[in-house]
> 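So that we are looking at the same thing, I have put the structure below in structure tokens.
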Amino acid sequence: MELFQYLPEVLSGWNLVILIVGTVVGLLLGATPGLSPTMAVALLIPFTFQMDTSSGLILLGVIYTATVAGGAVTAILVNIPGSPANIATMLDGHPMAKSGRATEALHYCFISSGIGGVIGVLVLIFFTPLLADFALGFGPSELFWIAILGITVIGSLGGTTVLKGLLAGAVGIWISLIGFNPVAGTERFMFTDHLQGGVTIIPALIGLFAIPQVFQMVEDARRGRGGKTFGMEHRPLWASIVYNLSRVRALGIGSVVGVLVGLIPGAGGQIAGLIAYDQNKKFSRNPEAYGKGEPDGVIASETSNSSMVGASLVPMLSLGIPGSPTAAVLLGGLLIQGLFPGPDLFTQHASVAWTFMGALLVSQVLMMVFGLYISRFSRYVIQIPKQHMAAAVAILAVFGTYSVQNSTSDVIIMMTMGCAMYFAMRFGFGPGPVVLGIILGPIAETNLLQGQMLGQAMDGTFQYFFTGGVNLLLIFLCVLSIGYSVAAEFKVRARQRRQSTGRTVEVES
Amino acid sequence: MMSHRKHRFTALATLLMAMGLAAASFMPNLPGYEFPQMTALVAVGIAAIMVLLAWVPKQPVTAADEEPIPWGGIWPLILILAGFLWVMEWLGFFATSYIAFFLIILIYSPQRISLRGAIKGAVITGLFLGVLYLIFVALLRVQVPQGILI
């Protein structure tokens, strides 16, 4: 297997240093309230330019892995999930910490994350090349529909409501079209000199994910949110390992749910954790213990959100459809390095692809080892005041954006988009669909224009885009993803209507 | 949660924004604008559905995802960020960052402003920017905007 061929490269001097430093930094970033995995990866992309392609991608991958696991620390200790993926961990992790079992909860968190993470990466290693081979025969029409599918799935699953998610995706596509038409070369929407180069991925990523967090953190700081509400006990690690490995059902449900949710583009880690938690509770003999400090709740949710990480990269690396918002940011990092997802990645850049996947596998083990060691110091990290974090993130956002092209225009674009996103978020729009629109918009347009030319030379444009098994399957999936989300939203609305006592406001007739 | 009137206002503002995108896409009437036009039309369609749903009578407002903007808390940050962009090239990145960092931690500290707190804030700011300078500028030679200061 090709993985073994490239494994020595993963463990070579520089890459090993990146893996170790990235794991430690990722765990600390994840354990810092307010720093989500998506934002951490977005902030680090500019600094990977100094590295070779493999090392840069390894750093981003390992940060993704470690921040998701590290996010559980704040969820357990202070009842604030470090990332949305850790919401389910909070439900039983924090009650355990409050009752003086914080060390035990942190042990289960990192052991389960390691097990789930390894399973997720194994799925990535075995499934990605197969799916990429399938994509080998895709032409512009199929690639166009894949781009649209990517936007519809994250648009419909990533936001709070389907319409808002889809609208945010459409706005993201429109923003990505500022600049030059890729075929005709026409200049478009350059309202100021700052938009001469269009809106590139880095300023958009950093602005959309980091700046709204800065606003959120200063708001929290003003309200004085936080405070120590946990007790850390001394507990032998061996006892936790034995107990954790004996919880086969929680580990099994967590892994299966995490992998399945990760493979569905756009579903996101928070869904994986919550579904696994819910299913485990349903199968439990003691469901009333959940929410009061049940270790199985922590084990199932952490196994699930970590196995989701590897699986969410399967559609991203093989088809260019990210499985989660952080995978969308990683896709941006991949494109910036001049690499395009799909079969070419495994033929022309096989060393990069296999080294990256091998590094993710090693990073799961490192994350578990360092996580268990570092967790005892996490009490210090979570005490960093929010206003300090906000200031640091704001400065790093400016620094990272400027350093890519030495362009003040990029900084202005980043800041403007970030502030606009903060206001949009107050009205229920999420940054995930906008980013995906910005990344997939140019891919969709280029393939649409190429397809139009091919179609005119063949049976006509309509026939080219709307016939053929794969085209029809992709169109069906687009409709299905929107239809499913609409149905799910109607269900939620109906439930809310039934429970609408006080929470909702009737419209005056 | 917002009132129904504000929910309608959000939907209307969304429609206006989408129509703005459509106007910008259709006005030039040049080749090469087809895809932006398609995108803008889709945005207008989605926004129109949102407006229609906001006007459906006897429906409960399910706008739990909408929150009012806390202007009272965020306006100093907006001023600091705007000022950062304004003076960064004139003053230099590190000098501007020092001022911005210091102001953020001072203004948003939950404790009352005191001389001791200000000195502590100034030292923390200096340490953070010192580490940033050493790693990225001195070691990795990353370029930052240069002004009359550093």
Side-chain angles (χ1 to χ4, degrees), chain A residues 47 50 160-161 163-164 166-167 170-171 173-174 177 181 183-186 188-189 211 214-215 218-219 221-224 385-388 390-392 394-396 398-399 402-403 406 408 411-412 415 419 422-423 426-428 441 444-445 448-449 492-493 496-497 500 503-507 509, chain B residues 1 3-4 10 14 18 21 24-25 28 30-33 35-36 39-40 42-43 46-47 49-50 53 56-70 73-74 77-78 81 84-85 88-89 93 97 100-101 104-105 107-110 124-125 128-129 132 136 140 142-145:
Chain A
F47 304 114
Q50 314 285 335
T160 45
T161 69
L163 287 173
K164 284 178 180 174
L166 291 173
L167 186 66
V171 171
I173 296 179
W174 196 91
L177 304 175
N181 177 301
V183 174
T186 320
R188 297 182 301 203
F189 316 123
I211 299 299
V214 174
F215 279 97
V218 295
E219 228 180 282
R222 258 185 90 240
R223 290 174 186 168
K386 283 277 174 72
Q387 67 272 22
H388 291 182
I395 303 302
L396 282 174
V398 175
F399 184 72
Y402 184 86
S403 64
N406 296 337
T408 310
V411 179
I412 293 169
M415 208 71 101
C419 291
Y422 169 73
F423 292 116
R426 307 296 300 193
F427 294 97
E445 185 181 30
L448 176 73
L449 296 175
V492 171
R493 281 181 182 232
Q496 281 178 340
R497 213 170 296 151
S500 63
R503 271 183 61 80
T504 55
V505 182
E506 287 293 333
V507 183
S509 48
Chain B
M1 192 156 60
S3 71
H4 199 276
T10 308
T14 308
L21 295 185
S25 308
L30 290 166
Y33 276 78
F35 194 60
T39 309
V42 170
I46 296 167
I49 297 171
M50 277 177 66
L53 288 178
V56 172
K58 297 272 184 191
Q59 286 291 308
V61 177
T62 51
D65 57 347
E66 295 181 15
E67 294 170 290
I69 297 165
I74 61 164
L77 181 64
I78 294 174
L81 295 179
F84 196 112
L85 294 179
M88 183 176 70
E89 284 197 296
F93 172 78
S97 296
F101 196 113
I104 290 173
I105 61 173
I107 293 169
Y108 288 102
S109 171
I124 290 169
T125 308
F128 174 77
L129 290 170
L132 200 68
F136 292 103
L140 295 173
V142 174
Q143 291 210 342
V144 291

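Proteins get letters first, then strands, A, B, ... in listed order; numbering begins at 1 in each. Excluded from the calculations below are hydrogen atoms, water molecules and symmetry mates; all remaining heavy atoms, backbone and side chain alike, are included. All of these numbers come straight from a predicted model, not from anything done at the bench.
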> Evaluate the ring planes of F93(B) and F84(B), with Trp represented by its six-membered ring, and classify them as parallel (under 30°), tilted (30 to 60°) or perpendicular (over 60°).
perpendicular
> Sort out for me which of A390(A), C419(A), A392(A), A170(A) touches chain B most, counting heavy-atom pairs under 4.5 Å.
A392(A)
> Considering all heavy atoms of both residues, which atom of A24(B) and which atom of Y33(B) are nearest to each other, and what is their separation?
O-CE2, 4.4 Å
> Pick one of side chain, backbone, both or neither for Q143(B), based on which atoms fall under 4.5 Å of a heavy atom in chain A.
both
> What's the shortest heavy-atom distance between P68(B) and R426(A), and which atoms?
O-NH2, 3.0 Å
> Look at the side chain of Y108(B) and the backbone N and O of L77(B), then say whether any donor-acceptor pair between them is shorter than 3.5 Å.
yes
> At a heavy-atom distance under 4.5 Å, which candidate from P28(B), A100(B), P70(B) has the highest pair count against chain A?
P70(B)
> Do you know which of L396(A), I211(A), V398(A), V218(A) has the most heavy-atom pairs under 4.5 Å to chain B?
V218(A)
> Where on F215(A) is there a heavy atom nearer than 4.5 Å to chain B: the side chain, the backbone, both, or neither?
both
> With a 4.5 angstrom heavy-atom cut-off, could you sort out which part of P31(B) is near chain A: side chain, backbone, both or neither?
backbone
> Could you tell me which portion of L85(B) (side chain, backbone, both or neither) has an atom closer than 4.5 angstrom to a non-hydrogen atom of chain A?
side chain
> Checking heavy atoms, do the side chain of L177(A), its backbone, both or neither come under 4.5 Å from chain B?
side chain
> Find the one option among S97(B), P145(B), A43(B), P110(B) whose heavy-atom pairs under 4.5 Å with chain A are most numerous.
P145(B)
> For chain A, find which of T14(B), I124(B), L81(B), V42(B) contributes the most heavy-atom pairs closer than 4.5 angstrom.
L81(B)
> Which region of L167(A), side chain (C-beta onward) or backbone (N, CA, C, O), has a non-hydrogen atom less than 4.5 Å from a non-hydrogen atom of chain B, or is it both or neither?
both
> At a heavy-atom separation under 4.5 Å, does I107(B) approach chain A through its side chain, its backbone, both, or neither?
neither
> Ignoring hydrogens, what is the shortest heavy-atom contact between R188(A) and G32(B)? Give both atom names and the distance.
NH1-O, 2.7 Å
> At their closest point, which heavy atom of I104(B) faces which heavy atom of Q387(A), and how far apart are they?
CG2-O, 3.8 Å
> Checking heavy atoms, do the side chain of F128(B), its backbone, both or neither come under 4.5 Å from chain A?
side chain
> Checking L21(B) against chain A: side chain, backbone, both or neither under 4.5 Å from a heavy atom?
both
> Is it the backbone or the side chain of T125(B) that comes under 4.5 Å from a heavy atom of chain A, or both, or neither?
neither
> Taking the side chain as everything from C-beta on, heavy atoms only, tell me whether K164(A) gets closer than 4.5 Å to M50(B).
yes
> Less than 4.5 Å to any heavy atom of chain B: does that hold for the side chain of Y422(A), its backbone, both, or neither?
side chain
